[in-house]
K.L.:
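Pasting a structure here, questions to come.
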Amino acid sequence: MLAQTPPMGWNSWNTFGDNIDEALIRDTIDVFVNEGLRDAGYTYVVIDDLWAADKRVNGRLTWDTAKFPNGIKALSDYAHSQGLKFGMYSCAGTHTCGNQLASYGHEEIDAQTFAEWGVDFLKYDYCHVPAGVNGPMLFRRMGQALRATGRPIVYSICEWGTNKPWEWGAQAGGHMWRTTGDIADSWESILDIGFQRQAELAPYAGPGHWNDPDMLVVGMYGKGNVAQGGCTDAEYRCHFALWCLLAAPLMIGCDVRSMNQTTRDILLNHELIAVNQDPLGRQGYRVGQVDYAYEIAETWAKPLLDGSIAVGMFNLGKRQQRLVSAPWESLGLHPERACQVRDLWTGENLGVFTACFSAHVASHDVTMIKITPIA
Ligand code: GLA
């Protein structure tokens with residue numbers, strides 16, 4: 001059974017776009033091992049668009065030899081030798097979004113080729129689909145072709161929410177599906193994609209099938225392919241905390257070779273990762289919202305397998321400090337219920353509370369806690 005918890009890894013697109021090659025992927029694999037990303041659960045190293053040659057050979061896709069002189073199989077072998085999984089990208093249309101050859105009408109042979117290369121994850125995009133063709137049917141066709149290879153391959157559907165993939169993605173064989181257009185490295189994008197567009201989708205996620213609000217921009221700081229001004233450290237904390245609460249796939253998008261300490265601290269926070277990877281597999285939802293003038297605060301909750309609740313308390317407005325509250329009643333707890341509260345960023349137990357927990361939260365920052373009812 002694949003993707004029983006949300007897939008975690010890295011994807012080349014956010015930072016590198018067209019600027020990918022064998023050395024980058026090998027170095028990234030090395031950093032995953034040396035910096036503890038692999039051991040924290042980040043498993044899938046994925047090459048996105050713009051890896052392919054411009055002709056098929058014997059009907060098969062093949063790689064750009066200038067970028068990958070030793071071929072794709074050598075890279076996938078290297079990833080496997082380092083205890084990692086390896087991912088690739090294609091598209092349901094005739095061409096990819098970056099205008100390279102894609103899999104329309106070649107689904108079986110391409111799935112077979114990916115399987116022979118040792119691919120463990122396929123991101124499948126939605127550009128250049130012929131007019132009049134039914135999108136969900138095309139995604140199902142590749143889902144079946146992947147299954148027919150007999151290789152366990154995580155299938156990542158990328159059709160930007162166009163045809164409500166949360167309603168059919170799992171039946172099409174998908175393990176995750178993008179719910180929106182592309183993320184950008186900006187606070188506005190995190191607000192739009194994360195805080196505004198995911199709340200209604202919680203019922204569709206669960207073990208083996210996840211909503212995907214796109215890859216992480218944590219640590220990009222305005223550099224790279226989807227850069228758009230960048231975010232502050234606090235904004236990256238909000239982004240990561242929300243993606244953990246949403247049970248979203250955690251695909252790192254920054255250049256891990258040059259992460260600063262803050263980026264490491266965010267991406268490697270094992271208590272937040274544990275929230276994301278909780279085996280119950282529930283997607284979190286919004287339980288509280290204050291929105292007037294420049295005061296915007298939201299509280300999101302994710303029930304965990306052990307009966308505790310992860311809660312993110314976000315100050316999304318401009319007020320420098322704001323009291324954000326998580327009343328027990330909004331979490332389905334009786335107000336008299338005594339609960340242990342733990343700060344997940346610091347790992348500090350904050351004490352036993354009843355009725356409500358409140359915290360002063362800085363602008364565009366988050367307090368992330370776990371509330372555990374005492375038996
Ligand atoms: C689309 C996808 C992106 C990325 C690019 C590659 O825009 O949504 O995530 O894969 O294509 O061209």
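Computed from a predicted model, the values in this text were never measured in an experiment. Counting starts at 1 for both ligands and their atoms, in listed order.
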K.L.:
Quick one, Thr354 with Glu336, criterion side-chain contact (heavy atoms from CB on, under 4.5 Å). Give me CA distance, side-chain angles, the key distance, then yes/no.
P.N.:
CA-CA 6 Å; Thr354 51; Glu336 284 166 21; 5.8 Å; no

K.L.:
Does Tyr89 have a heavy atom less than 4.0 Å from any atom of ligand 1?
P.N.:
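Within the 4.0 Å threshold, so yes.
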
K.L.:
Is any NZ, NE, NH1 or NH2 atom of the basic residue among Asp77 and Lys73 found under 4.0 Å from an Asp or Glu carboxylate oxygen of the other?
P.N.:
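Yes, this pair counts.
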
K.L.:
Going by the order shown, which atoms of ligand 1 are within less than 4.0 Å of some heavy atom of Trp160?
P.N.:
2 (C), 8 (O)

K.L.:
Classify the contact between Cys127 and ligand 1 as side chain, backbone, both or neither, using a heavy-atom distance cut-off of under 4.0 Å.
P.N.:
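Neither; nothing of Cys127 gets under 4.0 Å from ligand 1.
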
K.L.:
If we only count heavy atoms from C-beta on, is the Ile190 to Phe195 side-chain gap below 4.5 Å?
P.N.:
yes

K.L.:
Going by the atom numbers of ligand 1, which of them fall below 4.0 Å from some non-hydrogen atom of Cys158?
P.N.:
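Near Cys158, meaning under 4.0 Å from one of its heavy atoms, ligand 1 has 2 (C), 8 (O).
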
K.L.:
Geometry only, no angles: is Asp49 polar-contacting ligand 1 at N/O separations under 3.5 Å?
P.N.:
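The answer is yes, given that Asp49 and ligand 1 share an N or O pair closer than 3.5 Å.
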
K.L.:
Give the numbers and elements of all ligand 1 atoms closer than 4.0 Å to a heavy atom of Arg178.
P.N.:
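So the answer, numbered in order with elements, is 8 (O), 9 (O).
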
K.L.:
To the nearest 0.5 Å, what is the distance between CG (Asp120) and CG (Leu122)?
P.N.:
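The CG atom of Leu122 is 11.0 Å from CG of Asp120, to the nearest 0.5 Å.
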
K.L.:
Between Glu271 and Lys370, is there a salt bridge with N-O shorter than 4.0 Å?
P.N.:
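Answer for the salt bridge query: no.
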
K.L.:
Taking only heavy atoms of Gly98, which atoms of ligand 1 are found under 4.0 Å from at least one of them?
P.N.:
12 (O)

K.L.:
Could you give the distance from CG (Asp49) to NE2 (His95), rounded to the nearest 0.5 Å?
P.N.:
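Answer for the CG-NE2 pair, Asp49 versus His95, is 11.5 Å.
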
K.L.:
Please state which protein non-hydrogen atom is closest to atom 10 (O) of ligand 1 and give its distance, to 0.1 Å?
P.N.:
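Answer for atom 10 (O) of ligand 1: Asp48 OD1, 2.7 Å.
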
K.L.:
Among all protein non-hydrogen atoms, which one is nearest to atom 8 (O) of ligand 1, and what is the separation to 0.1 Å?
P.N.:
Asp182 OD1, 2.5 Å

K.L.:
Examine ligand 1 and decide if any of its atoms is less than 4.0 Å from a heavy atom belonging to Asp125.
P.N.:
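Contact check Asp125 vs ligand 1: positive.
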
K.L.:
In Å, rounded to the nearest 0.5 Å, how long is the span from CD1 of Ile193 to NE2 of His239?
P.N.:
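The NE2 atom of His239 is 9.0 Å from CD1 of Ile193, to the nearest 0.5 Å.
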
K.L.:
Does the Thr149 side chain pair with the main chain of Arg147, one donor and one acceptor, at a distance under 3.5 Å?
P.N.:
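Flag not set: sc Thr149 to bb Arg147 has no pair under 3.5 Å.
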
K.L.:
Examine Lys123 against ligand 1 and note whether any of their N/O atoms are separated by less than 3.5 Å.
P.N.:
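There is such a contact, yes.
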
